[in-house]
2 protein chains.
Amino acid sequence: MGGDFAPRATVAGALLALGELDSTHSIQLVGRTDVITEQLDALLNDAGGEFSSLQAQRGRLEIVEAPDVIEMTDKPGSAIRSKPKSSMLVGLKLQADGNSDAFVSAGNTGAQMAASMVVLKLHNGLKRPAIATVFPTARKPVVVLDSGANVDCGAEELVQFAQLGVVYAEDLLGRQNPAVGLLSIGEEPEKGNAVVKEAHQLLQSAGLNFVGNVEGRDLPTGQCDRGPIDIVVCDGFVGNVVLKFYESIAPFIIGLLAKSGIDQKTMMDALKQLDYSEHGGAPLLGVNGVSIISHGKSSPRAIKNAVKVAVQAVDTKMDEHIGRRLGGAGEA
Amino acid sequence: MGGDFAPRATVAGALLALGELDSTHSIQLVGRTDVITEQLDALLNDAGGEFSSLQAQRGRLEIVEAPDVIEMTDKPGSAIRSKPKSSMLVGLKLQADGNSDAFVSAGNTGAQMAASMVVLKLHNGLKRPAIATVFPTARKPVVVLDSGANVDCGAEELVQFAQLGVVYAEDLLGRQNPAVGLLSIGEEPEKGNAVVKEAHQLLQSAGLNFVGNVEGRDLPTGQCDRGPIDIVVCDGFVGNVVLKFYESIAPFIIGLLAKSGIDQKTMMDALKQLDYSEHGGAPLLGVNGVSIISHGKSSPRAIKNAVKVAVQAVDTKMDEHIGRRLGGAGEA
């Protein structure tokens with residue numbers, strides 16, 4: 001029920017995902033049954049529409065009733081307490097009870113984080129979960145975390161984000177021995193704020209492929225002077241500022257170039273890899289299970305990609321790998 | 001003597017600046033007399049070169065001997081103690097002694113900050129100076145500060161940066177009643193890390209045109225939902241990460257577009273406003289006097305623009321306005 005274009009985009013995205021996933025997968029649509037049914041009917045019965053060909057997927061969809069809706073403007077803490085029958089909480093409980101393998105939402109991010117922590121619980125030893133976002137670069141994409149879950153982080157939390165990022169890069173991006181960079185304002189270990197300087201020291205003995213500090217300029221290139229980067233660790237304040245900056249910069253540059261007569265369509269096509277909907281959702285790493293945060297502005301295509309990220313997380317046993325890595329972080 | 005292309009770029013930039021500034025201005029070149037003289041001769045006597053036409057400016061240049069050189073790799077604190085006869089310290093002392101009005105350098109930024117604070121001293125009541133950088137946007141440019149001088153800031157320091165930014169925007173960018181935004185991860189006052197949330201409260205009663213929190217996405221657009229932004233306040237860690245990210249993103253996007261056959265030259269021309277050398281140097285705001293930090297990679301053109309920023313700061317009495325504003329911040 002959540003997201004700027006819900007429930008249409010969510011329902012349509014689920015149909016698209018089923019069209020691409022093999023027959024072993026099914027999707028539970030959690031929310032107001034009447035609204036979802038109406039939406040499904042409208043999409044599938046629109047003879048000329050892009051979803052009418054997905055009629056065969058309807059049997060793989062189950063509707064799970066959840067009468068409450070957490071609005072984008074609701075405060076996370078009070079929303080999850082006062083709306084236990086929201087699609088957010090009902091959907092996550094399906095997973096906690098063993099009736100589903102993963103949860104995807106484009107709703108209120110703060111509420112999804114809070115509800116995921118309450119319902120799924122954190123892995124043992126973990127202080128905070130982190131949102132992992134994939135940044136397109138001139139090389140391969142880079143995992144940036146935390147990109148918004150934690151605004152005030154200690155050094156130990158940054159080290160845990162690195163551990164979480166390694167599992168993400170291995171399982172979802174297929175990287176081997178992924179390179180971890182720590183976002184700072186200079187390459188040297190003594191550059192950075194107090195937390196980053198301490199994290200640098202801790203990361204050197206964390207049993208990871210730690211390549212040292214990376215800078216803002218290394219994010220678009222995907223590499224630093226010491227080689228390619230797979231993971232960039234930062235607190236959620238910096239990560240969120242950079243993420244939103246990144247989302248907004250391509251339209252700005254395209255706008256400048258369009259003034260010189262360069263064809264806008266050609267540019268949009270060339271910059272498709274910068275489109276966030278291509279990368280699907282951002283997992284909330286660290287909870288027991290799979291909780292995928294989709295952009296509030298998710299299109300059906302973005303929802304489809306988020307569902308596919310969820311499936312990949314389940315298939316690769318990302319959650320189990322996180323538990324193992326946090327249990328014996330130094331053994332790698 | 002400092003900067004990646006010194007002393008050639010510095011000497012050439014000084015000549016270019018004099019060619020554009022009216023005859024009341026002169027420039028002191030501070031460094032090793034023999035090296036500077038040789039460089040000047042080479043530039044002016046190269047009959048086919050772009051600087052040979054500036055022969056007439058030589059009389060407006062004075063060479064001030066400074067035998068020591070602070071290297072880019074030197075540690076700021078020890079460098080300014082052990083190299084009192086460096087071009088950095090000798091140049092700043094000229095100003096402290098009333099023999100010059102402004103100082104420009106493309107050398108070691110940390111050393112320039114430390115030396116500026118030691119030699120020029122901070123304005124009364126100010127806790128830390130801030131580096132103010134101009135970000136190109138889809139609207140008018142926006143002043144971002146601090147962009148690297150302070151990695152760990154308290155809320156009161158952020159408020160002081162706002163005060164400094166207002167004077168910069170008024171005097172150097174000609175803005176009236178400039179709009180101040182606080183960089184955060186959401187519009188609402190309760191969004192942000194602990195320091196930012198406190199700063200938000202303080203800024204509401206600081207006598208400024210405070211428009212509230214702005215987000216990373218508002219930087220390229222130059223405006224938030226409440227209207228245009230003139231100044232963005234943040235700590236130097238976040239500011240530096242975003243600045244370096246910004247410097248590196250345009251080449252990345254141009255690279256992607258070039259692959260689709262869009263002409264690179266056309267793009268470079270269209271994106272000229274993103275070129276940092278167009279904006280000259282970044283003032284270290286808060287010291288008594290004028291200290292302009294140029295990019296280490298400054299070209300002659302960038303040095304020329306930095307000199308022009310320095311002249312503008314002197315002509316508009318920016319320093320005096322800073323003192324007045326800090327003395328009675330609430331009176332605006």
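Proteins get letters first, then strands, A, B, ... in listed order; numbering begins at 1 in each.
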Practice problem: Begin from the C-alpha positions of B:Asp146 and B:Arg128 and carry the test salt bridge (charged side-chain N to carboxylate O under 4.0 Å, His left out) through to its verdict. | Solution: CA-CA 10 Å; B:Asp146 173 35; B:Arg128 298 279 301 166; over 6 Å; no

Quiz item: For B:Ile262, is it the side chain, the backbone, both, or neither that has a heavy atom closer than 4.5 Å to a heavy atom of chain A?
Solution: side chain

Practice problem: Evaluate whether atom CD of A:Glu156 has more than 12 neighbouring non-hydrogen atoms of other residues, nucleotides or ligands under 6.0 angstrom away. | Solution: no

Practice problem: Would you mind checking which part of B:Ser184 comes under 4.5 Å of any heavy atom in chain A, side chain (CB onward), backbone (N, CA, C, O), both or neither? | Solution: both

Self-check item: SB check A:Glu187 A:Arg217 (cutoff 4.0 Å)
Solution: yes

Quiz item: Do A:Asn193 and A:Lys197 get their side chains close enough for a donor-acceptor pair, meaning under 3.5 Å?
Solution: no

Quiz item: Does the side chain of A:Met267 reach to within under 4.5 Å of the side chain of A:Asp263, using non-hydrogen atoms?
Solution: no

Quiz item: Quick one: of A:Gly186, A:Gly192, A:Cys153, who has the most non-hydrogen atom pairs under 4.5 Å with chain B?
Solution: A:Gly192

Quiz prompt | Under-4.0 Å salt bridge between B:Asp230 and B:Lys140 | solution = no

Practice problem: Tell me, out of A:Asp269, A:Asp218, A:Thr137, A:Thr221, who's got the most heavy-atom pairs with chain B below 4.5 Å. | Solution: A:Thr137

Exercise. Measure B:Lys75 against the heavy atoms of chain A and call it side chain, backbone, both or neither at under 4.5 Å.
Key: side chain

Practice problem: Among A:Asp235, A:Val238, A:Val195, A:Ile253, single out the residue with the greatest number of heavy-atom pairs under 4.5 Å to chain B. | Solution: A:Ile253

Practice problem: Sort A:Glu188 into side chain, backbone, both or neither according to what part of it lies under 4.5 angstrom from a heavy atom of chain B. | Solution: neither

Exercise. Sort out for me which of A:Leu257, A:Leu219, A:Thr266 touches chain B most, counting heavy-atom pairs under 4.5 Å.
Key: A:Leu257

Quiz item: Is B:Glu215 salt-bridged to A:Lys244, going by a charged N under 4.0 Å from an acidic O?
Solution: yes

Quiz item: Considering only heavy atoms, which portion of B:Phe245 lies under 4.5 Å from any heavy atom of chain A: side chain, backbone, both, or neither?
Solution: both

